[in-house]
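Written out below as structure tokens is the structure these notes cover.
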Amino acid sequence: MKTLFRFCWITLCVWVLSACSSAANTPTSLPPAATASGLTPIRTAQPTSSIAITAAPVAGVEPTPIGGCAPTHDDGVSPSYIPNAPARNIVGHGHVLTGVVWSSPDCRPIAGATLELWPEEAGKGHPDPERATLTTDQQGHYSYECNPPEHIHMRISAPGYRTIGVNSYHPDGKATGTFDIVLEPTASQPQTTPIAIQPPAQVAFSGSVIFQNTAAGSVEAIDSSGVHHVLADPTVAERVLPWAASPDGKQLAVVVLSGVSEWLMFERAALWVVDVDEHNPRKLLDLISPATDQNRVTLTDRSLAIGNTGFQHVLWNAVDNSIIVTSAHEGNVDLYAIQADGSGIQRLTDTPDYEYGAALAPDGYSLAYASANTFGTGAGFGKPAAWRMQLSDRQPINISAEGDFMAAILGWSDTTHVVVATQQAGKTHYIVSDSQSIMHIAAATNSMASMRHGQLFYTEHADAQHSIVYHWNGTDSKPVPINVQADELNPAPDGQAFVACSGAQRQYWHAGALMEIAAGSCNELSWSPRGDLALNSPSDAGVIVGPSGGLHEAGIHPKARFAGWDDTLLYYFAPTGPNQWQLYRCDTTTTNQAIAIGQPITGIPQDPMFVKIR
């Protein structure tokens, strides 16, 4: 999985709430045997504003969106969101935001799109008098005037399009700003199919592509022989559940949520295990006891810690075949380890704080995690800290040397050293800790980081327009700069190459050499374990980049959603008709060979991942 990390609350929402593109993200149950156990799907409507206002037209419309027609990245709606804001587009004076809402397939403006906006002001949080709901005019325009903000949160919706949250608009003290938004249809229009598509193929079962079906709100799988399985029953559309595959790839542990009462809140949660062929579903643990505290903030924090993929990192430990999960079944939100057969459970933490973002050491004997006493809003988390423990003695050791905003575990550089990011006074601090010491290795501004193969890559804003890439190899005392500018990074699994992204521009770096590659984002690509890189682009043919930088066309669909690799075989989904997606397998040792696997599915596959049977 991608481990990109941007360290501030606004962009934290990319990490935390990517699963929450609708009002709540909670598929309800596993296969039929699970439903029979008493978990009944409950469908909850998305929050919508009861009134809307049409923005005044803005002159000088560009013929296409600023930055192109790729869908705007869904940051997830901030927990500070409150539905049904009043219909208005002037709530203060000092900053005017304008823009256009576009459709991704045809680059046409969307009339009647609904924007819910709420700014954050320095020292004031999110003033309710400045929350507003407005709609775009016939040319897709919107306009919003408020007091000078630090940033503006947005929730954008339109009939027939995916609802998204955007938390990355920062005016930087300017009196005016422009922010175009590109929405993706919920029912994709017919697209050109990949080159040289072959009929569906039946092959030996070597693994499964597991994905969230956003149309149904379910967790599903298509195995490499083409058989389609439903691993968590359909519930509310666009729900995303935390899950983890077993080390042998034959089972799935999934957190099942139900009984949604309010936005981001739910009444019940349970840890289930099911075979990837849909057999043998079984509930291991109820994760929530009846709520005694009805405080909205407390209930929201509990729901985030247990049911949101940004906080709940389900871990399957190969050492003892246990599953580590965040649970509140004993009252407080703590970490537990439970045997995959349900035979035993151990409480790993026992505090009134929320433990989240756990990561296992490569040998499976140590655990690192972060904690907070509240997840807060734009002001940051309460009492942020990072910890590590030996699972044999379960004694926590504090490893957060400094931080006033939040803490996060980036990963392990080896079996004893863990890398932590904290924020203090507006800077991201990178810390390395073993069981005896804490070493501060760097501090950066507006930084984004990723760990690969025990190595750390991050960006540092050299000035308002430029970000420089830094690399820490896991052993040196300090990172070293690389002469590459980027706002976002996606390193290879072995840490020997990376893709650097600035806007829609992408560059491939390997062994000190830099190469321009097809335009797109750092999310529209997939690395193989050996370092091959698959790329797609809305305007260019898909290509495979070899470990040495060699290119060849691979017939990859421009809207491919990559699932991953099985050695040299690349798996991805591509649209084949209205709201229809097909899984393909591409043999990357040849050119223009994409073979359909199984039958098309209805609905957009989200976060697909190939899991190999071992």
Side-chain angles (χ1 to χ4, degrees), residues 6-17 20 47 49 51-53 55-56 58 72-99 114-135 142-156 164-181 263-264 295-297 300-301 304 372-384 403-406 423-428 445-447 461 464:
R6 191 189 307 273
F7 206 89
C8 67
W9 169 253
I10 305 307
T11 50
L12 171 66
C13 293
V14 176
W15 176 58
V16 171
L17 298 178
C20 300
S49 176
I51 48 180
I53 189 168
V58 180
T72 299
H73 184 80
D74 181 10
D75 293 344
V77 180
S78 167
S80 59
Y81 169 71
I82 297 176
N84 301 323
R88 55 195 176 190
N89 66 339
I90 300 177
V91 298
H93 302 286
H95 182 74
V96 176
L97 171 63
T98 58
T114 299
L115 293 94
E116 297 169 83
L117 309 178
W118 62 107
E120 178 160 342
E121 293 186 21
K124 295 184 179 180
H126 308 90
D128 286 345
E130 297 191 40
R131 296 176 183 268
T133 299
L134 52 143
T135 60
Y142 72 92
S143 175
Y144 172 73
E145 184 174 0
C146 62
N147 296 326
E150 287 188 339
H151 52 267
I152 298 177
H153 298 281
M154 308 178 189
R155 181 179 184 272
I156 307 98
I164 67 170
V166 176
N167 308 287
S168 52
Y169 174 74
H170 293 253
D172 298 322
K174 297 177 182 177
T176 61
T178 299
F179 195 83
D180 282 1
I181 299 154
W263 182 78
L264 276 181
N295 178 275
R296 179 185 176 90
V297 173
T300 300
D301 283 350
L304 283 170
N373 64 8
T374 179
F375 294 137
T377 57
F381 291 6
K383 202 175 75 174
D404 57 16
F405 186 86
M406 65 162 290
Q423 190 176 54
Q424 185 179 51
K427 279 188 173 289
T428 301
T445 303
N446 294 332
S447 188
H461 273 242

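Throughout, numbering of the chain's residues begins at 1 and tracks the sequence. Values below: all heavy atoms of this structure, side chains included; hydrogens, waters and symmetry mates excluded.
Put simply, the side chain of Y169 does not reach to within 4.5 Å of the side chain of P149, judged on heavy atoms. In this structure the side chain of I156 never reaches within 4.5 angstrom of the side chain of T72, judged on heavy atoms. Contact annotation: the side chain of H126 never approaches that of I82 to less than 4.5 Å [non-hydrogen atoms, C-beta and beyond]. Proximity of L115 to I181: side-chain heavy atoms (C-beta onward) are separated by under 4.5 Å at one or more points. Residues T114 and T133 form a side-chain contact, since some pair of their non-hydrogen atoms from C-beta on lies under 4.5 Å apart. Side-chain contact between Y81 and E116 is present, with at least one heavy-atom pair separated by less than 4.5 Å. Contact annotation: the side chain of F179 never approaches that of I152 to less than 4.5 Å [non-hydrogen atoms, C-beta and beyond].
The backbone N or O of H93 sits less than 3.5 Å from a side-chain atom of N147, completing a donor-acceptor pair.
Under the side chain to side chain contact (heavy atoms under 4.5 Å, CB included) criterion, P127 pairs with E121, K124, P129, E130, not counting sequence neighbours. Here T374 pairs with V297, D301 under the side chain to side chain contact (heavy atoms under 4.5 Å, CB included) rule; sequence neighbours left out. The side chain to side chain donor-acceptor pair (under 3.5 Å) check on D128 picks up R131, with sequence neighbours excluded.
Rounding to the nearest 0.5 Å places OG1 of T445 at 3.0 Å from NZ of K427. For the atom pair CG of N373 and CZ of F381, the computed distance is 11.0 Å after rounding to the nearest 0.5 Å. Taking CZ from R88 and SG from C146, the interatomic distance works out to 11.5 Å, rounded to the nearest 0.5 Å. The distance from the CG atom of D172 to the NE2 atom of H151 is 12.0 Å, given to the nearest 0.5 Å.
Contact record, G177 with H95: N-CE1, 3.7 Å, taken as the closest heavy-atom pair. For the pair N89 and S143, the tightest heavy-atom approach, listed with the atom from each and the gap, is CB-O, 3.1 Å.
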>> Checking M154 against L97 for the side chain to side chain contact (heavy atoms under 4.5 Å, CB included) test, could you report, in this order, the C-alpha distance in whole Å, the side-chain angles of both residues, the deciding distance, and whether it holds?
In response: CA-CA 12 Å; M154 308 178 189; L97 171 63; 3.6 Å; yes

